[in-house]
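Data block below; observations after.
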Number of protein chains: 2
Amino acid sequence: MSHTLGIRQAQKQKTRQALLDAALGLLEEQSLSSLGLREVTRAVGVAPTAFYRHFRSTADLGVALVEEALGSLHPMIRTTVSGTGDPEERVARAIELIARHVDGYPAHVRFIARERHGGVQPVREAIRDQLSRFAREVKDELAKDPESEGWTEDDLLMLAHLYVDQMLITASLFLEALEGPEEGREERKREVARVAARQMRLIGLGRHHWLD
Amino acid sequence: MSHTLGIRQAQKQKTRQALLDAALGLLEEQSLSSLGLREVTRAVGVAPTAFYRHFRSTADLGVALVEEALGSLHPMIRTTVSGTGDPEERVARAIELIARHVDGYPAHVRFIARERHGGVQPVREAIRDQLSRFAREVKDELAKDPESEGWTEDDLLMLAHLYVDQMLITASLFLEALEGPEEGREERKREVARVAARQMRLIGLGRHHWLD
DNA sequence: CCATGCAGTTAACAACTGTTCTCTGGAATT
DNA sequence: AATTCCAGAGAACAGTTGTTAACTGCATGG
């Protein structure tokens with residue numbers, strides 16, 4: 001179904017991706033609101049004016065980065081929440097998945113955590129929308145669970161938001177563990193996983209007794 | 001005990017405070033990493049070089065803002081967690097307190113939420129330290145509760161962190177509710193309070209059944 | 001009362017920013 | 001084969017930035 005792009009469009013997308021990659025790199029030590037367009041083009045090796053062929057502004061680029069960072073994550077979320085096995089094992093599996101994602105895409109995770117409450121409104125909104133989508137998807141998945149019998153839609157959604165926020169906090173903690181020196185990094189990661197697992201377990205307990 | 005400052009020191013502190021206030025205002029629509037020193041001095045009405053008499057850099061000013069925003073909050077935290085009454089009422093009281101704080105100091109709350117994962121390392125660290133202090137204080141307060149009998153220190157601390165993070169999320173949501181148009185603002189705030197209360201209640205349930 | 005200290009000023013610097021306009025070379029279309 | 005299109009280059013713009021140096025005037029301490 002995918003129509004092969006012409007040489008022209010292919011080259012354009014390549015530069016566009018290079019701009020996104022360079023920006024993501026530069027954003028490891030600053031916020032989007034201080035990211036300059038010239039800074040990005042310099043890092044890529046193109047003229048400043050080339051930027052305008054792809055984005056209206058750095059805020060616009062930021063919105064594109066949100067799509068890149070979160071857009072492809074929806075299938076993963078679904079499979080994380082659902083799945084079989086005893087609760088303890090499911091929690092461990094979910095946290096392991098988060099840890100792997102942070103390991104694989106640390107810059108994306110950092111970007112989302114940073115700009116979720118950052119200084120650029122359109123980007124904040126884009127992230128909020130994506131996270132709301134996540135919450136709704138988690139809710140739908142929770143609804144299938146036999147444990148959710150008797151739950152209102154409203155209560156399921158509030159639990160889903162709790163889970164999503166908790167995932168983000170955990171991801172951010174894994175990132176911090178990654179940031180320090182190599183020495184003891186694995187241990188720091190294990191400690192984060194340990195605490196996160198117990199928090200998830202406690203939330204799971206609250207869920208179990210919700211209808212009492 | 002407080003020694004009356006000389007005219008000189010008093011005037012200095014006054015400009016210093018003016019710089020902090022102006023910065024906090026400017027930070028409502030951008031992040032600290034893009035805040036310029038000239039921008040701040042211009043807003044206050046002093047020469048750019050005057051800035052250096054008070055702060056080494058905008059990052060340094062940011063650290064001072066963390067102290068201002070969170071330093072005076074410790075007594076409040078303690079009384080929020082402790083206190084008597086049935087659980088339902090305590091939850092409602094805690095959320096009411098958060099709502100009031102956000103109403104009274106929206107710029108401070110925004111600053112903390114924004115810079116907690118922001119682009120300026122020393123500021124992130126300062127916030128992390130303060131929040132860790134909060135968590136330890138909450139833990140100490142939880143330890144006094146009869147419900148905490150049989151809990152390990154470790155488990156109490158993980159619960160405390162859960163509470164602190166939850167408070168921050170709730171505060172940030174109240175802030176969002178405040179940001180839109182006047183129309184329906186009260187309703188948005190009530191909705192935030194409603195969801196937050198149920199999440200706190202669920203966590204409280206998990207806490208109650210932790211030792212099962 | 002006089003000398004010192006120091007908060008804030010003034011002026012100047014090189015470097016940087018976003019944005020506009022004009023141009024070019026090669027892919028795409030006819 | 002001739003024409004159109006368009007991603008990217010180049011140069012120039014006015015305005016901004018952080019930092020330095022030398023200054024001024026006034027509160028302070030001897």
Side-chain angles (χ1 to χ4, degrees), chain A residues 2-23 25-27 29-65 115 118-123, chain B residues 2-65 115 118-123:
Chain A
S2 69
H3 177 253
T4 311
L5 278 63
I7 299 177
R8 193 122 186 204
Q9 303 254 342
Q11 185 52 244
K12 180 172 184 182
Q13 290 224 2
K14 207 170 159 186
T15 331
R16 188 190 133 99
Q17 192 56 48
L19 289 169
L20 288 168
D21 293 348
L26 292 165
L27 285 172
E29 20 198 282
Q30 64 181 313
S31 304
L32 184 64
S33 83
S34 64
L35 183 70
L37 126 196
R38 290 185 104 105
E39 203 179 344
V40 179
T41 56
R42 196 187 312 128
V44 173
V46 299
T49 46
F51 186 92
Y52 291 106
R53 299 285 178 194
H54 302 274
F55 308 102
R56 234 180 279 274
S57 62
T58 51
D60 194 23
L61 178 146
V63 173
L65 274 179
E115 301 304 329
V120 183
Q121 206 202 26
V123 172
Chain B
S2 68
H3 178 254
T4 311
L5 280 62
I7 299 177
R8 191 112 188 214
Q9 303 252 343
Q11 185 53 243
K12 179 171 184 181
Q13 291 223 359
K14 207 169 159 187
T15 19
R16 188 190 132 101
Q17 192 56 48
L19 288 169
L20 288 168
D21 292 348
L24 204 54
L26 292 165
L27 284 172
E28 301 203 359
E29 19 197 284
Q30 63 181 312
S31 304
L32 183 63
S33 84
S34 64
L35 183 71
L37 126 196
R38 291 185 103 106
E39 204 179 344
V40 179
T41 56
R42 196 186 311 130
V44 173
V46 299
T49 46
F51 187 92
Y52 293 107
R53 299 284 178 196
H54 304 275
F55 308 102
R56 232 180 281 275
S57 62
T58 50
D60 194 23
L61 177 146
V63 172
L65 275 179
E115 301 303 330
V120 183
Q121 207 202 25
V123 173

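Below, chains carry the letters A, B, ... as their sequence lines are ordered, and counting in each starts from 1. It should be emphasised that the depicted structure is a prediction, and the values quoted were computed from it without experimental measurement.
Following rounding to the nearest Å, B:Tyr52 (OH) and D:dG18 (P) show an atom-to-atom distance of 7 Å. Taking atom NZ on A:Lys12 and atom P on D:dC6, their separation rounds to 9 Å, with Å as the unit. D:dT28 atom P lies 9 Å from atom CD of B:Gln9, rounded to whole Å. Rounding to whole angstrom units, CG of residue A:Leu5 and P of D:dC6 are separated by 15 Å. Atom CZ of A:Arg53 is separated from atom P of C:dC21 by 13 Å (rounded to the nearest Å). For the pair B:Asp60 CG and D:dG18 C1', the interatomic distance rounds to 15 Å; values are reported in whole Å. When rounded to the nearest whole Å, the span between CD of B:Glu39 and P of C:dT17 equals 16 Å. Atom CG in A:Leu35 sits roughly 10 Å away from atom P in C:dT17 (whole-Å rounding).
Under a cut-off of 6.0 angstrom, the local environment of CD in B:Glu28 is crowded, with over 12 non-hydrogen atoms contributed by other residues, nucleotides or ligands. Heavy atoms of other residues, nucleotides or ligands lying less than 6.0 angstrom from CD of A:Gln17 number more than 12.
Among the nucleotides D:dG18, C:dC16, C:dA27, the one closest to any side-chain atom of B:Leu37 is D:dG18. The side chain of B:Ala47 sits closest to C:dT9 out of C:dT17, C:dT9, C:dG8. The listed nucleotides are D:dT19, C:dG8, C:dT17; the one nearest the side chain of B:Pro48 is D:dT19.
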Taking it one step at a time, do B:Val46 and B:Phe51 satisfy side-chain contact (heavy atoms from CB on, under 4.5 Å)? CA-CA 8 Å; B:Val46 299; B:Phe51 187 92; over 6 Å; no
Please walk me through it: do A:Lys12 and A:His54 pass side-chain contact (heavy atoms from CB on, under 4.5 Å)? CA-CA 8 Å; A:Lys12 180 172 184 182; A:His54 302 274; 3.4 Å; yes
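Contact check, A:Arg16 against D:dA7: no side-chain N or O comes under 4.0 Å of OP1 or OP2. Distances shorter than 4.0 Å separate none of the side-chain N or O atoms of B:Thr49 from OP1 or OP2 on D:dT19.
One can find a donor-acceptor pair under 3.5 Å joining the base of C:dT19 and the side-chain atoms of A:Arg38.
Across all strands, A:Ala50 comes closer than 4.0 Å only to sugar-phosphate atoms, never to a base (heavy-atom distances). Among the atoms of the strands shown, only primed sugar atoms or phosphate atoms (P, OP1, OP2) are found under 4.0 Å from some heavy atom of B:Thr15. Among the heavy atoms of the strands lying under 4.0 Å from B:Arg42 are primed sugar atoms or P, OP1, OP2 only; no base atom is included.
When each of B:Val120, B:Val123, B:Leu32 is paired with B:Val63, the side-chain contact (heavy atoms from CB on, under 4.5 Å) condition holds for B:Val123 and for no other.
Comparing A:Arg8 and B:Thr58 by the nucleotide of DNA chain D whose heavy atom lies nearest to each, the residue mapping closer to the 5' end is A:Arg8.
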